[in-house]
Amino acid sequence: MRYWLMKSEPDEASIDDLSNAPERTLPWTGVRNYQARNFMRDTMRVGDGVLFYHSSCPEPGIAGLTKVVSTPYPDPTQFDPKSPYYDPKSKPEEPRWMLVDVKFVKKTPLISLAELRKHAELADMRVLAKGNRLSITPVTEAEWRFITERLT
DNA sequence: GCCAACGTTGGC
DNA sequence: GCCAACGTTGGC
């Protein structure tokens with residue numbers, strides 16, 4: 001069992017959108033970064049815990065707890081010419097972008113970026129590293145426990 | 001809107 | 001394979 005933090009712009013998919021989705025589950029579409037893709041394709045397992053993070057918004061921070069509920073499969077938006085995530089270089093017989101489904105577990109009071117930065121226990125979190133732009137980052141068990149037991 | 005940081009592209 | 005140019009991310 002591993003732990004992750006996944007960023008989503010709430011304008012596109014917020015924790016409430018996830019909560020209101022059928023089965024409270026959404027496919028994690030739109031990742032177009034190889035490192036983030038590799039995490040979903042190669043390392044994630046069904047049942048992994050996911051911190052759901054709101055980014056590029058007035059109040060960035062952790063907004064809820066979710067979990068991985070599928071094995072990897074091709075992101076359908078890469079083949080849809082009308083999608084902003086369309087990738088003309090990707091072919092169905094050799095899909096470039098893979099994703100997993102993520103399911104709502106619970107909403108948390110928003111744990112802001114500033115709050116996360118206050119705690120020495122979280123100082124090494126990948127998502128807080130200077131210059132980090134990865135939308136999916138690993139979270140250690142200690143970080144997960146600190147956040148889920150102490151900050152929510 | 002700014003801009004630092006980073007990933008990708010493409011010419012060579 | 002190098003690396004400059006360009007595009008994107010994302011907090012502020």
Side-chain angles (χ1 to χ4, degrees), chain A residues 2-21 25-44 48-68 70 72-140 142-144 146-148 150-152:
Chain A
R2 291 188 170 89
Y3 303 96
W4 307 92
L5 180 143
M6 296 172 81
K7 295 181 186 173
S8 180
E9 302 190 12
D11 283 351
E12 288 210 21
S14 69
I15 189 73
D16 292 327
D17 294 333
L18 184 61
S19 175
N20 293 328
T25 297
L26 288 172
W28 205 264
T29 55
V31 167
R32 296 295 179 266
N33 169 284
Y34 289 102
Q35 230 183 317
R37 177 205 66 182
N38 292 348
F39 283 140
M40 289 197 285
R41 189 188 63 183
D42 305 332
T43 320
M44 282 187 183
D48 282 1
V50 177
L51 301 169
F52 192 103
Y53 182 96
H54 285 172
S55 70
S56 294
C57 60
E59 258 196 309
I62 295 167
L65 305 184
T66 65
K67 62 181 178 181
V68 175
S70 82
Y73 64 96
D75 180 342
T77 63
Q78 70 194 304
F79 306 123
D80 176 3
K82 293 194 289 284
S83 167
Y85 302 122
Y86 178 57
D87 182 353
K89 292 186 210 155
S90 184
K91 305 201 170 65
E93 61 274 18
E94 204 179 340
R96 181 178 295 195
W97 304 109
M98 306 291 279
L99 54 65
V100 298
D101 290 342
V102 169
K103 182 173 177 121
F104 180 89
V105 174
K106 73 172 188 178
K107 194 171 171 176
T108 61
L110 189 103
I111 309 167
S112 71
L113 191 53
E115 169 75 21
L116 292 172
R117 290 194 193 283
K118 277 184 200 164
H119 299 282
E121 294 89 339
L122 304 178
D124 294 331
M125 276 190 88
R126 278 283 286 282
V127 72
L128 302 182
K130 179 177 167 148
N132 172 69
R133 280 178 16 186
L134 259 189
S135 63
I136 300 177
T137 48
V139 171
T140 67
E143 290 160 353
W144 174 270
F146 184 80
I147 290 167
T148 57
R150 303 269 311 278
L151 301 185
T152 61

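Chain A is the first sequence line, chain B the second, and so forth, proteins listed ahead of strands; every chain is numbered from 1. This structure is a prediction, so every number in the text was calculated from the model and none was measured.
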Tabulate protein N/O versus nucleotide N/O from nucleotides 2-9 of chain C, keeping only pairs under 3.5 Å, one per line.
residue : atom : partner : partner atom : Å
C:dT8   : O2   : A:R133  : NH1          : 3.0

Other residues, nucleotides and ligands only: do more than 12 of their heavy atoms fall within 6.0 Å of NZ on A:K67?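 No, NZ of A:K67 has 12 or fewer neighbouring heavy atoms, counting only those of other groups under 6.0 Å.
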Return the set of residues passing ring-ring contact (aromatic ring centres under 6.0 Å, His included) with A:F104 (not counting sequence neighbours), or none when no residue passes.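 A:F104: no ring-ring contact (aromatic ring centres under 6.0 Å, His included) contacts found.
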Any residue meeting ring-ring contact (aromatic ring centres under 6.0 Å, His included) with A:Y85, in chain and number order, not counting sequence neighbours: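 With neighbours one apart ignored, the set is empty.
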With side chain to side chain donor-acceptor pair (under 3.5 Å) as the test, pick out the partner of A:W97 among A:T77, A:D87, A:T29, A:D75.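 Result for side chain to side chain donor-acceptor pair (under 3.5 Å) with A:W97: A:D87.
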Residue that, paired with A:W28, satisfies ring pair (Phe, Tyr, Trp, His ring centres under 6.0 Å) out of A:F52, A:W4, A:F39: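 Exactly one pass, corresponding to A:F52.
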